[in-house]
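Here's the structure, in C-alpha coordinates; my notes come after.
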There are 2 protein chains.
Amino acid sequence: MTDTPGTHEAWAAALHAHGRRVTKQRLAVLAAVEHHPHSPAETILAAARQELPELTAQSVYVVLGDLTDLQMLRRFEPPHSPALYETRVGDNHHHAICTGCGRVEDVECAVGHAPCLTPHWDEDARPMTIQIADVLYQGICEDCQRSHKLPAERN
Amino acid sequence: MTDTPGTHEAWAAALHAHGRRVTKQRLAVLAAVEHHPHSPAETILAAARQELPELTAQSVYVVLGDLTDLQMLRRFEPPHSPALYETRVGDNHHHAICTGCGRVEDVECAVGHAPCLTPHWDEDARPMTIQIADVLYQGICEDCQRSHKLPAERN
DNA sequence: CACTTATTATGAGCGAGTCACAATAAATGA
DNA sequence: TCATTTATTGTGACTCGCTCATAATAAGTG
(Lines give C-alpha, C1' and ligand atoms only; values in the text may rest on other atoms or scores of the structure.)
Protein backbone atom coordinates (compact mmCIF):
# COMPACT_ATOMS: atom_id res chain seq x y z
CA MET A 1 0.00 0.00 0.00
CA THR A 2 1.92 2.95 -1.29
CA ASP A 3 -0.96 5.27 -1.89
CA THR A 4 -1.73 7.00 1.36
CA PRO A 5 -3.19 10.25 0.05
CA GLY A 6 -0.84 13.19 0.09
CA THR A 7 2.41 11.25 -0.13
CA HIS A 8 4.82 11.44 -3.01
CA GLU A 9 4.09 7.78 -3.74
CA ALA A 10 0.39 8.49 -4.02
CA TRP A 11 0.92 11.44 -6.35
CA ALA A 12 3.34 9.40 -8.43
CA ALA A 13 0.73 6.68 -8.84
CA ALA A 14 -1.92 9.20 -9.83
CA LEU A 15 0.41 10.79 -12.39
CA HIS A 16 1.13 7.37 -13.85
CA ALA A 17 -2.57 6.64 -14.04
CA HIS A 18 -2.99 9.76 -16.14
CA GLY A 19 -0.09 8.86 -18.42
CA ARG A 20 2.14 11.59 -17.09
CA ARG A 21 5.81 11.27 -16.23
CA VAL A 22 6.70 11.49 -12.60
CA THR A 23 9.00 14.47 -12.19
CA LYS A 24 10.28 16.18 -9.07
CA GLN A 25 8.71 19.43 -10.31
CA ARG A 26 5.24 17.93 -10.42
CA LEU A 27 5.68 16.25 -7.06
CA ALA A 28 6.90 19.49 -5.51
CA VAL A 29 3.95 21.43 -6.91
CA LEU A 30 1.43 18.84 -5.76
CA ALA A 31 2.91 18.78 -2.25
CA ALA A 32 2.91 22.57 -2.14
CA VAL A 33 -0.75 22.81 -3.13
CA GLU A 34 -1.60 20.10 -0.61
CA HIS A 35 0.01 22.08 2.20
CA HIS A 36 -1.24 25.48 1.07
CA PRO A 37 -4.82 25.03 -0.10
CA HIS A 38 -6.53 28.04 -1.72
CA SER A 39 -3.20 29.51 -2.77
CA PRO A 40 -2.21 31.37 -5.95
CA ALA A 41 0.56 30.24 -8.29
CA GLU A 42 3.05 32.61 -6.69
CA THR A 43 2.59 31.05 -3.24
CA ILE A 44 2.78 27.54 -4.68
CA LEU A 45 6.03 28.47 -6.37
CA ALA A 46 7.53 29.79 -3.14
CA ALA A 47 6.43 26.70 -1.21
CA ALA A 48 7.62 24.26 -3.87
CA ARG A 49 11.01 25.97 -4.01
CA GLN A 50 11.60 24.95 -0.40
CA GLU A 51 12.12 21.43 -1.64
CA LEU A 52 13.18 22.29 -5.22
CA PRO A 53 14.92 25.68 -5.37
CA GLU A 54 15.59 25.69 -9.11
CA LEU A 55 11.88 25.43 -10.00
CA THR A 56 10.69 28.25 -12.25
CA ALA A 57 7.45 30.21 -12.21
CA GLN A 58 6.61 29.21 -15.77
CA SER A 59 6.89 25.54 -14.91
CA VAL A 60 4.50 26.06 -12.03
CA TYR A 61 1.96 27.63 -14.39
CA VAL A 62 2.32 24.78 -16.86
CA VAL A 63 2.07 22.09 -14.20
CA LEU A 64 -0.88 23.73 -12.42
CA GLY A 65 -2.73 24.11 -15.71
CA ASP A 66 -2.10 20.55 -16.78
CA LEU A 67 -2.97 19.00 -13.41
CA THR A 68 -6.14 21.09 -13.31
CA ASP A 69 -7.16 19.73 -16.71
CA LEU A 70 -6.54 16.23 -15.39
CA GLN A 71 -8.78 17.00 -12.41
CA MET A 72 -5.96 16.26 -10.00
CA LEU A 73 -6.23 19.87 -8.89
CA ARG A 74 -9.14 22.26 -8.75
CA ARG A 75 -8.86 25.91 -9.70
CA PHE A 76 -11.21 28.76 -8.86
CA GLU A 77 -10.97 32.46 -9.53
CA PRO A 78 -12.44 34.85 -6.99
CA PRO A 79 -13.03 38.45 -8.12
CA HIS A 80 -9.91 40.64 -7.89
CA SER A 81 -7.68 37.72 -7.11
CA PRO A 82 -5.36 35.51 -9.12
CA ALA A 83 -6.51 31.90 -9.60
CA LEU A 84 -6.39 29.74 -6.46
CA TYR A 85 -5.63 26.00 -6.37
CA GLU A 86 -6.47 23.12 -4.08
CA THR A 87 -6.08 19.34 -4.02
CA ARG A 88 -9.58 18.70 -2.69
CA VAL A 89 -11.24 17.45 -5.81
CA GLY A 90 -14.30 15.53 -6.91
CA ASP A 91 -16.69 16.47 -4.09
CA ASN A 92 -18.06 19.64 -5.71
CA HIS A 93 -17.62 21.65 -2.56
CA HIS A 94 -17.94 25.43 -2.66
CA HIS A 95 -16.04 28.40 -1.22
CA ALA A 96 -16.62 31.38 1.00
CA ILE A 97 -14.32 34.37 0.70
CA CYS A 98 -13.96 37.22 3.18
CA THR A 99 -14.32 40.57 1.44
CA GLY A 100 -12.12 42.15 4.10
CA CYS A 101 -9.02 39.98 4.13
CA GLY A 102 -9.58 37.58 1.26
CA ARG A 103 -9.46 34.49 3.46
CA VAL A 104 -11.11 31.44 1.92
CA GLU A 105 -13.07 28.71 3.70
CA ASP A 106 -14.44 25.52 2.25
CA VAL A 107 -18.18 25.05 2.26
CA GLU A 108 -19.84 21.68 1.92
CA CYS A 109 -22.05 20.92 -1.00
CA ALA A 110 -25.19 19.26 0.30
CA VAL A 111 -25.64 17.33 -2.93
CA GLY A 112 -22.00 16.30 -3.23
CA HIS A 113 -21.86 16.20 -6.99
CA ALA A 114 -22.30 18.71 -9.82
CA PRO A 115 -24.56 20.34 -10.73
CA CYS A 116 -25.93 20.83 -7.24
CA LEU A 117 -28.50 23.39 -8.39
CA THR A 118 -30.72 23.65 -11.43
CA PRO A 119 -31.34 27.05 -12.96
CA HIS A 120 -34.70 28.80 -13.28
CA TRP A 121 -34.42 30.16 -16.78
CA ASP A 122 -35.74 33.51 -17.88
CA GLU A 123 -38.71 33.17 -20.17
CA ASP A 124 -36.78 34.63 -23.08
CA ALA A 125 -33.55 32.78 -22.30
CA ARG A 126 -32.16 29.99 -24.45
CA PRO A 127 -31.49 27.23 -21.93
CA MET A 128 -28.20 25.36 -21.74
CA THR A 129 -27.28 21.90 -20.52
CA ILE A 130 -25.76 22.68 -17.13
CA GLN A 131 -22.76 20.70 -15.96
CA ILE A 132 -21.58 22.70 -12.98
CA ALA A 133 -23.12 25.16 -10.56
CA ASP A 134 -20.30 27.06 -8.90
CA VAL A 135 -21.27 28.85 -5.72
CA LEU A 136 -19.09 31.58 -4.25
CA TYR A 137 -20.18 32.98 -0.93
CA GLN A 138 -18.94 36.45 -0.09
CA GLY A 139 -19.01 37.79 3.43
CA ILE A 140 -16.96 39.02 6.34
CA CYS A 141 -14.98 36.82 8.68
CA GLU A 142 -15.09 37.30 12.45
CA ASP A 143 -11.68 38.94 12.59
CA CYS A 144 -12.49 41.59 10.00
CA GLN A 145 -15.88 42.20 11.55
CA ARG A 146 -14.27 42.81 14.93
CA SER A 147 -11.73 45.22 13.49
CA HIS A 148 -14.44 47.09 11.56
CA LYS A 149 -12.49 46.40 8.42
CA LEU A 150 -14.46 47.44 5.36
CA PRO A 151 -14.44 45.71 1.98
CA ALA A 152 -11.53 47.90 0.81
CA GLU A 153 -11.30 47.65 -2.92
CA ARG A 154 -12.46 44.06 -3.06
CA ASN A 155 -15.87 44.06 -4.63
CA MET B 1 -42.14 61.92 -15.89
CA THR B 2 -38.59 61.92 -17.11
CA ASP B 3 -37.46 58.66 -15.62
CA THR B 4 -38.50 55.92 -17.98
CA PRO B 5 -35.76 53.36 -17.30
CA GLY B 6 -33.01 53.24 -19.87
CA THR B 7 -33.33 56.84 -21.08
CA HIS B 8 -30.67 59.46 -20.71
CA GLU B 9 -33.02 61.40 -18.43
CA ALA B 10 -33.43 58.43 -16.13
CA TRP B 11 -29.68 57.86 -15.93
CA ALA B 12 -29.12 61.55 -15.28
CA ALA B 13 -31.55 61.46 -12.38
CA ALA B 14 -29.88 58.39 -10.93
CA LEU B 15 -26.44 60.00 -11.22
CA HIS B 16 -27.75 63.08 -9.44
CA ALA B 17 -29.23 60.94 -6.69
CA HIS B 18 -25.76 59.50 -6.12
CA GLY B 19 -24.13 62.93 -6.06
CA ARG B 20 -22.38 62.40 -9.37
CA ARG B 21 -22.09 64.94 -12.16
CA VAL B 22 -24.00 64.17 -15.32
CA THR B 23 -21.46 63.86 -18.11
CA LYS B 24 -21.86 62.68 -21.66
CA GLN B 25 -19.21 60.03 -20.98
CA ARG B 26 -21.21 58.46 -18.17
CA LEU B 27 -24.42 58.61 -20.16
CA ALA B 28 -22.71 57.01 -23.15
CA VAL B 29 -21.28 54.23 -21.00
CA LEU B 30 -24.61 53.56 -19.27
CA ALA B 31 -26.45 53.43 -22.59
CA ALA B 32 -23.79 51.12 -24.02
CA VAL B 33 -24.05 48.70 -21.10
CA GLU B 34 -27.86 48.82 -21.32
CA HIS B 35 -27.77 47.80 -24.98
CA HIS B 36 -24.98 45.25 -24.62
CA PRO B 37 -25.57 43.36 -21.39
CA HIS B 38 -22.85 40.89 -20.26
CA SER B 39 -20.18 42.78 -22.17
CA PRO B 40 -16.54 43.48 -21.31
CA ALA B 41 -15.08 46.98 -21.06
CA GLU B 42 -13.69 46.77 -24.58
CA THR B 43 -17.14 46.17 -26.10
CA ILE B 44 -18.68 48.91 -23.97
CA LEU B 45 -16.00 51.29 -25.21
CA ALA B 46 -16.69 50.43 -28.86
CA ALA B 47 -20.45 50.83 -28.38
CA ALA B 48 -20.15 54.08 -26.44
CA ARG B 49 -17.86 55.53 -29.12
CA GLN B 50 -20.72 55.32 -31.59
CA GLU B 51 -22.29 58.23 -29.82
CA LEU B 52 -19.12 59.74 -28.32
CA PRO B 53 -16.10 58.99 -30.54
CA GLU B 54 -13.52 60.78 -28.39
CA LEU B 55 -14.19 58.60 -25.34
CA THR B 56 -11.07 56.82 -24.06
CA ALA B 57 -10.62 53.33 -22.73
CA GLN B 58 -9.31 54.56 -19.40
CA SER B 59 -12.40 56.66 -18.85
CA VAL B 60 -14.54 53.62 -19.47
CA TYR B 61 -12.63 51.69 -16.82
CA VAL B 62 -13.00 54.54 -14.34
CA VAL B 63 -16.70 55.03 -15.04
CA LEU B 64 -17.50 51.32 -14.97
CA GLY B 65 -15.67 50.92 -11.68
CA ASP B 66 -17.36 53.89 -10.07
CA LEU B 67 -20.86 53.01 -11.27
CA THR B 68 -20.34 49.45 -10.08
CA ASP B 69 -19.42 50.73 -6.61
CA LEU B 70 -22.60 52.82 -6.66
CA GLN B 71 -24.58 49.69 -7.55
CA MET B 72 -25.85 51.31 -10.73
CA LEU B 73 -24.05 48.54 -12.62
CA ARG B 74 -23.27 45.00 -11.74
CA ARG B 75 -19.98 43.32 -12.54
CA PHE B 76 -19.16 39.62 -12.65
CA GLU B 77 -16.01 37.80 -13.67
CA PRO B 78 -16.34 34.41 -15.32
CA PRO B 79 -13.21 32.25 -15.43
CA HIS B 80 -10.88 33.09 -18.32
CA SER B 81 -12.85 36.15 -19.27
CA PRO B 82 -12.48 39.85 -18.61
CA ALA B 83 -15.08 41.36 -16.27
CA LEU B 84 -18.60 41.64 -17.70
CA TYR B 85 -21.10 44.40 -16.92
CA GLU B 86 -24.88 44.74 -16.93
CA THR B 87 -27.50 47.28 -15.87
CA ARG B 88 -29.81 44.70 -14.32
CA VAL B 89 -29.18 45.34 -10.68
CA GLY B 90 -30.73 44.70 -7.30
CA ASP B 91 -32.53 41.44 -8.03
CA ASN B 92 -29.62 39.12 -7.19
CA HIS B 93 -30.08 37.11 -10.35
CA HIS B 94 -27.42 34.63 -11.43
CA HIS B 95 -25.67 33.69 -14.66
CA ALA B 96 -25.11 30.71 -16.89
CA ILE B 97 -22.14 30.66 -19.22
CA CYS B 98 -21.59 28.33 -22.16
CA THR B 99 -18.19 26.66 -21.96
CA GLY B 100 -18.16 26.34 -25.73
CA CYS B 101 -18.85 29.85 -26.99
CA GLY B 102 -18.87 31.92 -23.81
CA ARG B 103 -22.45 33.09 -24.25
CA VAL B 104 -24.09 34.28 -21.04
CA GLU B 105 -27.74 33.91 -20.04
CA ASP B 106 -29.49 35.37 -17.03
CA VAL B 107 -30.89 32.96 -14.49
CA GLU B 108 -33.57 33.94 -12.01
CA CYS B 109 -32.86 33.84 -8.31
CA ALA B 110 -35.77 32.11 -6.62
CA VAL B 111 -35.24 34.10 -3.45
CA GLY B 112 -34.75 37.43 -5.22
CA HIS B 113 -32.40 38.94 -2.69
CA ALA B 114 -28.92 38.15 -1.36
CA PRO B 115 -27.82 35.88 0.16
CA CYS B 116 -30.05 33.36 -1.55
CA LEU B 117 -28.25 30.38 -0.02
CA THR B 118 -26.77 29.70 3.39
CA PRO B 119 -23.54 27.76 3.61
CA HIS B 120 -23.02 24.41 5.31
CA TRP B 121 -19.72 25.05 7.06
CA ASP B 122 -17.01 22.48 7.48
CA GLU B 123 -16.63 21.36 11.07
CA ASP B 124 -13.19 22.92 11.31
CA ALA B 125 -14.09 26.06 9.36
CA ARG B 126 -14.32 29.50 10.92
CA PRO B 127 -17.71 30.73 9.73
CA MET B 128 -18.23 34.16 8.14
CA THR B 129 -21.22 36.45 7.97
CA ILE B 130 -22.40 35.86 4.43
CA GLN B 131 -23.71 38.78 2.38
CA ILE B 132 -23.86 37.33 -1.10
CA ALA B 133 -24.05 33.89 -2.64
CA ASP B 134 -22.95 34.16 -6.24
CA VAL B 135 -23.97 31.27 -8.43
CA LEU B 136 -22.33 30.67 -11.79
CA TYR B 137 -23.78 27.88 -13.87
CA GLN B 138 -21.48 26.38 -16.48
CA GLY B 139 -22.79 24.29 -19.31
CA ILE B 140 -23.19 23.98 -23.05
CA CYS B 141 -25.72 25.90 -25.12
CA GLU B 142 -27.81 24.19 -27.78
CA ASP B 143 -25.78 25.61 -30.66
CA CYS B 144 -22.46 24.34 -29.32
CA GLN B 145 -23.97 21.00 -28.42
CA ARG B 146 -25.26 20.58 -31.97
CA SER B 147 -21.91 21.47 -33.49
CA HIS B 148 -20.10 19.10 -31.12
CA LYS B 149 -18.01 22.02 -29.99
CA LEU B 150 -15.86 21.07 -27.05
CA PRO B 151 -14.89 23.30 -24.11
CA ALA B 152 -11.78 24.48 -25.99
CA GLU B 153 -9.47 26.13 -23.51
CA ARG B 154 -12.27 27.54 -21.42
CA ASN B 155 -12.19 25.71 -18.15
C1' DC C 1 22.87 2.25 -21.89
C1' DA C 2 21.26 4.85 -25.62
C1' DC C 3 17.46 6.98 -27.46
C1' DT C 4 12.96 9.11 -27.90
C1' DT C 5 9.89 12.39 -26.61
C1' DA C 6 7.62 14.52 -22.68
C1' DT C 7 8.80 18.01 -19.62
C1' DT C 8 11.09 22.08 -17.89
C1' DA C 9 13.79 26.43 -18.34
C1' DT C 10 14.58 30.81 -20.66
C1' DG C 11 13.13 35.01 -22.09
C1' DA C 12 10.03 37.76 -24.73
C1' DG C 13 5.33 39.23 -25.05
C1' DC C 14 0.23 40.05 -24.18
C1' DG C 15 -4.38 41.32 -22.20
C1' DA C 16 -6.73 43.62 -18.75
C1' DG C 17 -6.58 46.86 -15.77
C1' DT C 18 -4.26 50.61 -12.56
C1' DC C 19 -1.73 54.87 -11.32
C1' DA C 20 -0.03 59.68 -11.41
C1' DC C 21 -0.82 63.77 -13.16
C1' DA C 22 -2.36 67.33 -16.52
C1' DA C 23 -6.38 69.09 -19.14
C1' DT C 24 -11.26 69.80 -19.29
C1' DA C 25 -15.92 70.80 -18.15
C1' DA C 26 -20.18 70.39 -14.81
C1' DA C 27 -22.21 72.54 -11.18
C1' DT C 28 -22.31 76.65 -8.00
C1' DG C 29 -22.61 81.44 -6.80
C1' DA C 30 -21.84 86.34 -7.88
C1' DT D 1 -24.22 85.27 -17.89
C1' DC D 2 -19.85 84.59 -16.49
C1' DA D 3 -16.16 83.22 -13.32
C1' DT D 4 -14.76 79.86 -10.12
C1' DT D 5 -14.31 75.45 -8.01
C1' DT D 6 -13.56 70.85 -8.07
C1' DA D 7 -15.21 66.52 -10.07
C1' DT D 8 -14.25 64.13 -14.15
C1' DT D 9 -11.73 62.79 -18.17
C1' DG D 10 -7.59 62.21 -21.03
C1' DT D 11 -2.61 60.89 -21.54
C1' DG D 12 0.94 57.84 -21.13
C1' DA D 13 3.64 54.91 -18.32
C1' DC D 14 3.31 50.89 -15.79
C1' DT D 15 1.96 46.45 -13.13
C1' DC D 16 0.15 41.88 -12.56
C1' DG D 17 -0.97 37.43 -13.87
C1' DC D 18 -0.28 34.64 -17.26
C1' DT D 19 1.00 32.64 -22.15
C1' DC D 20 3.96 31.56 -26.10
C1' DA D 21 8.05 30.03 -28.77
C1' DT D 22 12.04 27.78 -28.50
C1' DA D 23 16.07 25.51 -26.50
C1' DA D 24 17.84 22.48 -22.87
C1' DT D 25 16.98 18.56 -19.95
C1' DA D 26 15.56 14.20 -18.14
C1' DA D 27 11.89 10.30 -17.57
C1' DG D 28 10.67 6.26 -19.46
C1' DT D 29 11.49 2.60 -23.11
C1' DG D 30 13.82 -1.21 -25.93
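For the pair B:R26 CZ and C:dT24 C1', the computed distance is 14 Å after rounding to whole Å. Atom C1' of nucleotide C:dT7 and atom CD of A:E54 are separated by 14 Å, given to the nearest angstrom. Here the P atom of nucleotide C:dA16 and the CD atom of B:E77 are 13 Å apart, to the nearest Å. One can place CG of B:L84 at 13 Å from C1' of C:dA16, the figure rounded to the nearest angstrom. What separates CD1 of B:I44 from C1' of C:dA16 is a distance of 14 Å, to the nearest Å. Spacing between atom CG of B:D69 and atom P of C:dT18 amounts to 10 Å, rounded to whole angstrom units. Whole-Å rounding puts the A:L55 CG to C:dT10 P distance at 10 Å. The CZ-P distance, from A:R49 to C:dT8, rounds to 14 Å in whole Å.
Among the heavy atoms of the strands lying under 4.0 Å from A:A83 are primed sugar atoms or P, OP1, OP2 only; no base atom is included.
A:R49 places a side-chain N or O within donor-acceptor distance of the main-chain N or O of A:L55, the cut-off being under 3.5 Å. Panel note: side chain A:T68, backbone A:L64; a donor-acceptor pair is recorded below 3.5 Å. Panel note: side chain A:E142, backbone B:M128; no donor-acceptor pair is recorded below 3.5 Å. Looking only at distances, no side-chain donor or acceptor of B:H36 sits under 3.5 Å from a matching main-chain atom of B:A32. With A:T99 contributing its side chain and A:G139 its backbone, the two residues share a donor-acceptor pair below 3.5 Å.
Closest to the A:Q58 side chain, of the nucleotides C:dA12, C:dA6, C:dA16, is C:dA12.
Just one of B:R75, B:R74, B:H38 meets the side-chain hydrogen bond (donor to acceptor under 3.5 Å, both in side chains) condition when paired with B:Y85; it is B:R75.
B:H95 and B:H93 share a donor-acceptor pair across their side chains, judged by distance under 3.5 Å alone. Looking only at atom types and distance, the side chain of A:S59 has no donor-acceptor partner in the side chain of A:Q25 under 3.5 Å away. With 3.5 Å as the limit, one finds no donor-acceptor pair spanning the side chains of B:D106 and B:H94.
Residue order along DNA chain C, read from the 5' end via each residue's closest nucleotide, puts A:L52 first among A:L52 and B:P82.
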The contact string for nucleotides 25-30 of chain C, one letter per nucleotide 5' to 3', using protein heavy atoms under 4.0 Å with B, S and - for base, sugar-phosphate only and none, comes out as BBS---
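Between chain A and DNA chain D, the heavy-atom contact criterion of under 4.0 Å yields a 5' to 3' nucleotide range of D:dG17 to D:dG28.
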